[in-house]
Amino acid sequence: MGESMKGLKRSVYCGEINETMVGETITVMGWVNKRRDLGKLIFITLRDRTGLVQVTIDGNRADENLFKKAETVRGEFVLAISGSVVNRSPENINKDMKTGKIEIDATELRILSEAEVPPFQVADTGVGIDLRLKYRYLDLRRPDLQEILFTRHRISQTVRNFLDQNGFIEVETPMLTKDSPEGAKAYLVPSRIYPGQVYALPQSPQIFKQILMVSGFDKYYQIARCFRDEDLRANRQPEFTQIDMELSFVNEDDVMDVNERLMQKVFKDTLNVDITLPMLRMPYKEAMERYGSDKPDIRFGMELVNITELVRGSSFAVFESAIEAGGSVRGINAENCGNFTRKQIDALGEVAKEYKARGLAWITITETGELKTSLTKFFDEDALRKIVEAFNGKAGDLILICADKNKVVFDALGALRLDVAKKLNILNDKDFKFLWVTEFPLLEWSEEDARFYAMHHPFTSPMEEDIELLETDPKSVRARAYDMVLNGAEIGGGSIRIFQRELQEKMFNALGFTLEQAQERFGFLLNAFRFGTPPHGGLAFGLDRIVMLITGTDSIRDVIAFPKVKDASCPMTDAPSHPDPSQLRDLGLSVLKEKE
RNA sequence: GGUUCAAUAGCUCAGUUGGUUAGAGCGCUGGCCUGUCACGCCAGAGGUCGAGGGUUCGAGCCCCUUUUGAAUCGCCA
């Protein structure tokens with residue numbers, strides 16, 4: 001059993017001890033990071049959340065019992081150590097250590113807790129994610145992970161302070177709520193009192209925040225947990241956190257302005273990075289035409305070029321059939337990739353194929369200016385030179401061309417552009433390039449269901465000048481929606497909402513459902529709107545993604561204390577788990593099918 | 001649900017053309033060591049090569065099936 005800490009009180013954190021404290025008697029408590037036993041001299045580096053400090057137990061000077069106890073200390077034991085802070089002699093200074101100029105000469109050592117040999121070394125950074133998550137408490141002892149969670153905390157604090165100072169009030173909305181159709185699959189919670197009925201965990205506080213506007217709170221925010229029962233990704237967890245807000249009597253400029261300033265403040269406070277305002281704004285259409293993406297990474301060029309007109313009428317059937325079908329021929333200039341081998345170019349073709357492109361044409365411009373190309377049978381030297389010119393191709397470049405439906409062309413080239421940039425290693429993750437993407441399409445056609453879906457959600461307002469198109473040409477209607485994009489990641493998005501009943505009816509009409517159906521799905525919100533609705537709009541940031549970008553991590557799991565693995569289970573708690581049969585009885589449920 | 005990659009000691013990995021008793025570093029255990037800080041030196045323990053089947057005189061390696069993990073596409077209003 002561990003010893004008591006009775007009579008001892010921690011006087012300082014390990015990482016905060018410095019030369020000004022030399023001569024003082026201090027008490028530290030923490031975990032054994034490393035023990036180095038030289039025989040009659042033992043060094044222990046002790047770790048707490050602030051860092052490391054070296055403790056010495058000198059066999060010549062220390063009490064015999066103290067020394068014997070120190071010999072039994074092992075990694076990850078929890079110790080309380082009292083002693084005096086002493087200067088290290090110059091040759092013993094460790095300049096790689098924050099506390100490397102001093103050490104603690106121990107006069108008392110208590111083993112508060114022993115520890116079994118851990119399944120992996122806390123300092124080992126190469127351990128597999130499933131093992132790390134099973135023993136997440138050990139994993140979280142690593143200073144780099146602790147630092148990320150401290151940064152996350154600082155970001156939340158900055159957000160709260162800023163929004164408070166700007167007149168926002170934080171209101172909590174329910175976790176147990178009503179399932180609303182459309183969108184992601186919801187996590188359901190069975191009701192005990194109404195057997196067979198369910199609550200849903202919120203995918204976002206969307207409807208509640210709009211109702212708060214109806215109530216007159218004017219400016220609301222919440223750092224809100226949200227749930228979506230969809231497959232996981234490197235940047236997607238089933239439960240995640242949004243910085244959610246809604247404002248009344250505003251237009252899109254008002255919402256964008258306050259949120260630009262919020263991000264400016266966050267980046268200043270956490271990274272001391274200055275963001276120039278206002279941020280660039282780019283309509284959706286332009287983002288697609290130039291970058292093949294609605295969340296363009298504008299840290300580098302290689303923009304898309306439309307060569308449809310230039311190649312129209314060629315003998316190349318792939319180009320011609322794409323153009324005839326209403327598609328286009330576009331490409332990018334992968335600058336300085338002229339030395340790519342056939343194998344590397346084929347690999348780029350594979351990337352394009354993942355996005356449904358059937359192939360990828362290419363033109364290499366060698367260092368001496370000669371052209372090598374997959375198009376040699378279809379274009380003469382003159383025509384090729386004209387294409388190269390359209391891309392501003394110079395010696396050492398590689399031009400990649402895709403012909404298909406516009407969606408495929410944009411998806412494939414947008415992905416290729418990022419893939420090439422990664423391969424060339426030209427992306428600096430300390431370079432923060434923000435922009436707003438605006439004027440999104442209001443509606444999205446689903447081939448599968450043969451109907452329109454709201455691209456954002458059904459309460460997103462169309463742009464005023466496009467309202468009449470709702471009935472004549474729904475797919476051309478642009479929304480008063482905006483996404484904040486940072487380095488190719490959508491970090492936040494929102495819209496100005498519909499607050500007029502007539503317009504809402506037109507919207508439901510375009511979505512192909514009747515007022516009765518709408519009433520069934522969103523009745524309580526529509527009811528609320530009957531009693532005096534202010535014009536309003538809002539936005540939600542993905543806090544997890546913001547933390548990822550600020551801390552420069554690739555995995556969302558690094559910014560969440562207790563994340564799930566790919567199949568949405570938790571290796572540490574072993575959730576989800578089988579309910580007790582009596583619980584099922586209480587809920588009036590029976591299980592039809594179990595995963596083997 | 002699809003595609004790709006991976007699985008060998010507690011951890012991270014190597015393992016040649018299919019050929020003797022499967023290795024390394026770290027960790028762990030024991031011993032020695034008073035200035036280490038990736039301590040050093042000596043000794044030691046530790047393996048169902050993910051599982052099942054097949055080919056072969058012989059399989060960690062080849063083939064089939066399967067399980068698990070990761071990335072990615074679909075999906076995520």
Side-chain angles (χ1 to χ4, degrees), chain A residues 33-46 52-62 67 71 74-76 86 88-97 99-100 103 105 116-135 138-139 180-186 203-204 206-207 226-238 240 347 350-356 411-412 415 419 440-444 446 448-449 451-460 479 481 490 493 495 511 521-522 542 554-555 557 565-567 569 571 596:
Chain A
N33 192 60
K34 193 86 189 178
R35 177 189 57 111
R36 286 179 291 273
D37 184 346
L38 273 61
K40 285 288 174 293
L41 177 66
I42 297 171
F43 297 100
I44 293 170
T45 45
L46 202 67
L52 299 171
V53 69
Q54 175 164 280
V55 178
T56 58
I57 298 101
D58 187 323
N60 288 338
R61 286 182 289 119
F67 191 80
E71 283 181 313
R74 292 294 183 273
E76 303 308 323
V86 298
R88 298 198 196 184
S89 57
E91 68 273 20
N92 292 329
I93 286 173
N94 183 345
K95 59 183 188 310
D96 296 329
M97 200 173 172
T99 59
E103 61 195 4
D105 190 19
E116 291 179 20
V117 176
F120 56 86
Q121 291 156 265
V122 169
D124 188 349
T125 53
V127 183
I129 188 67
D130 43 337
L131 195 72
R132 284 174 49 195
L133 289 184
K134 181 170 183 185
Y135 299 94
L138 296 176
D139 195 35
S180 71
E182 296 205 60
K185 287 192 263 306
Q203 297 175 27
S204 89
Q206 183 63 37
I207 288 175
C226 304
F227 304 85
R228 289 179 190 171
D229 191 1
E230 297 288 346
D231 285 356
L232 280 66
R233 284 287 192 288
N235 62 1
R236 204 195 296 164
Q237 282 273 310
F240 59 100
E350 290 305 312
V351 172
K353 277 181 186 157
E354 275 179 43
Y355 295 85
K356 305 285 187 294
D411 285 353
D419 189 73
F440 279 84
L442 183 70
L443 303 166
E444 209 171 20
S446 163
E448 203 176 318
D449 302 345
R451 57 161 279 202
F452 282 107
Y453 278 93
M455 193 158 170
H456 195 55
H457 62 73
F459 310 106
T460 301
E490 180 202 328
S495 64
L511 289 172
R521 294 179 183 188
F522 312 107
D554 296 330
S555 171
R557 288 179 296 234
V565 294
K566 191 185 167 67
D567 67 354
S569 68
E596 285 86 38

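Computation of the quantities below employed the complete heavy-atom set of this structure, encompassing side-chain atoms and omitting hydrogens, waters and symmetry-equivalent molecules.
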| note | Residues passing the salt bridge (Lys or Arg N to Asp or Glu O under 4.0 Å) test with Glu444(A), sequence neighbours excluded, are none
| query | Of Val122(A), Thr45(A), Leu52(A), which meets side chain to side chain contact (heavy atoms under 4.5 Å, CB included) against Lys34(A)? | reply | Thr45(A)
| query | In whole Å, what is the span from the CG atom of Asp139(A) to the P atom of U12(B)? | reply | 12 Å
| Given atom CD of Glu116(A) and atom C1' of C28(B), what is their separation to the nearest angstrom? | 13 Å
| field | Minimum-distance pair of heavy atoms, taken over all atoms of Ala415(A) and Tyr355(A) | value | CB-CE1, 3.4 Å
| What side-chain hydrogen bond (donor to acceptor under 3.5 Å, both in side chains) pairs are there with at least one residue in residues 117-132 of chain A, not counting sequence neighbours? | Arg132(A)-Asp139(A), Arg132(A)-Asp558(A)
| request: Rounded to the nearest angstrom, tell me the gap between atom CD in Glu76(A) and atom C1' in C11(B). | output: 14 Å
| Whole-angstrom distance between G23(B) and U16(B), as gauged at atom C1' | 14 Å
| message | Keeping Thr99(A) on the side-chain end and Gln54(A) on the backbone end, is there a donor-acceptor pair under 3.5 Å? | response | no
| Is any N or O donor-acceptor pair between the side chain of Arg236(A) and the base of C76(B) shorter than 3.5 Å? | yes
| note | When Gly75(A) and Lys40(A) are each assigned the nearest nucleotide of RNA chain B, the 5'-most assignment goes to Gly75(A)
Using a cut-off of under 3.5 Å, enumerate the N/O to N/O pairs linking the protein to nucleotides 36-42 of chain B.
{"from": "U36(B)", "atom 1": "O2", "to": "Arg36(A)", "atom 2": "NE", "distance (Å)": "2.8"}
{"from": "U36(B)", "atom 1": "O2", "to": "Gln54(A)", "atom 2": "OE1", "distance (Å)": "3.4"}
{"from": "U36(B)", "atom 1": "N3", "to": "Gln54(A)", "atom 2": "OE1", "distance (Å)": "3.0"}
{"from": "U36(B)", "atom 1": "N3", "to": "Gln54(A)", "atom 2": "NE2", "distance (Å)": "3.0"}
{"from": "U36(B)", "atom 1": "O4", "to": "Gln54(A)", "atom 2": "NE2", "distance (Å)": "2.7"}
{"from": "U36(B)", "atom 1": "O4", "to": "Arg88(A)", "atom 2": "NH1", "distance (Å)": "3.3"}
{"from": "C37(B)", "atom 1": "O4'", "to": "Arg36(A)", "atom 2": "NE", "distance (Å)": "3.1"}
{"from": "C37(B)", "atom 1": "O2", "to": "Asn94(A)", "atom 2": "ND2", "distance (Å)": "3.0"}
{"from": "C37(B)", "atom 1": "N3", "to": "Arg88(A)", "atom 2": "NH1", "distance (Å)": "2.8"}
{"from": "C37(B)", "atom 1": "N4", "to": "Asn92(A)", "atom 2": "O", "distance (Å)": "2.5"}
{"from": "C39(B)", "atom 1": "OP1", "to": "Lys34(A)", "atom 2": "NZ", "distance (Å)": "3.0"}
{"from": "C39(B)", "atom 1": "OP2", "to": "Arg36(A)", "atom 2": "NH1", "distance (Å)": "3.0"}
{"from": "C39(B)", "atom 1": "N4", "to": "Asp37(A)", "atom 2": "O", "distance (Å)": "2.6"}

| So do Met455(A) and Thr460(A) actually touch side chain to side chain, heavy atoms under 4.5 Å? | no
Heteroatom pairs (N/O) under 3.5 angstrom, protein to nucleotides 69-73 of chain B:
{"from": "A71(B)", "atom 1": "OP1", "to": "Arg557(A)", "atom 2": "NH2", "distance (Å)": "3.1"}
{"from": "U72(B)", "atom 1": "OP2", "to": "Ala234(A)", "atom 2": "N", "distance (Å)": "3.4"}
{"from": "U72(B)", "atom 1": "O2'", "to": "Glu354(A)", "atom 2": "OE1", "distance (Å)": "3.1"}
{"from": "U72(B)", "atom 1": "O4", "to": "Lys566(A)", "atom 2": "NZ", "distance (Å)": "2.5"}
{"from": "C73(B)", "atom 1": "OP1", "to": "Tyr355(A)", "atom 2": "OH", "distance (Å)": "3.0"}
{"from": "C73(B)", "atom 1": "OP2", "to": "Arg233(A)", "atom 2": "NE", "distance (Å)": "3.3"}

| query | Taking the same atom, C1', in A24(B) and in U68(B), what whole-Å distance lies between them? | reply | 26 Å
| message | Enumerate the side-chain hydrogen bond (donor to acceptor under 3.5 Å, both in side chains) contacts for residues 227-237 of chain A, please, sequence neighbours excluded, ordered by first and then second residue. | response | none
| request: Between A59(B) and G19(B), how far apart are the C1' atoms? Round to whole Å, please. | output: 10 Å
| query | How far apart are the closest heavy atoms of Ser204(A) and Cys226(A), and which atoms are they? | reply | CA-SG, 3.8 Å
| Roughly, in whole Å, what's the span from CZ in Phe227(A) to C1' in C75(B)? | 20 Å
| Across all strands, who's sitting opposite G58(B) as a Watson-Crick or G-U wobble pair, both distances under 3.5 Å? | none
| request: Assign Gly100(A) to base, sugar-phosphate, or nothing according to its heavy-atom contacts below 4.0 angstrom with the strands shown. | output: nothing
| request: Tell which nucleotide pairs with A6(B), taking only Watson-Crick or G-U wobble pairs whose two distances are both under 3.5 angstrom. | output: U68(B)
| request: Look at the side chain of Glu103(A) and the backbone N and O of Thr56(A), then say whether any donor-acceptor pair between them is shorter than 3.5 Å. | output: no
| message | Please report the distance, rounded to the nearest Å, between CG in Asp124(A) and P in C28(B). | response | 12 Å
| task | If G25(B) has a Watson-Crick or G-U wobble mate with both distances under 3.5 Å, name it; if not, just say none. | result | C11(B)
| request: Give, for atom NE2 of His456(A) and atom CG of Leu443(A), the distance between the pair rounded to the nearest 0.5 Å. | output: 13.0 Å
| query | Just how far, in rounded Å, is P of U68(B) from NZ of Lys134(A)? | reply | 16 Å
| message | Looking at Val565(A), is its backbone amide N or carbonyl O close enough to the side chain of Arg557(A) to form a donor-acceptor pair, meaning the two atoms are under 3.5 Å apart? | response | no
| field | Rounded distance in Å - CZ (Phe120(A)) to P (U12(B)) | value | 10 Å
| Roughly, in whole Å, what's the span from CG in Leu138(A) to C1' in C11(B)? | 12 Å
| request: Tell me the partner of G40(B), counting only Watson-Crick (N1-N3 plus N6-O4 or O6-N4) or G-U wobble (N1-O2 and O6-N3) with both under 3.5 Å; none if nothing fits. | output: C32(B)
| request: Taking atom P in both C28(B) and U20(B), compute the distance separating them and give it to the nearest angstrom. | output: 33 Å
| C1' atoms of C41(B) and G58(B), separation to the nearest Å | 42 Å
Atom pairs, protein N/O to nucleotides 44-47 of chain B N/O, distance under 3.5 Å:
none

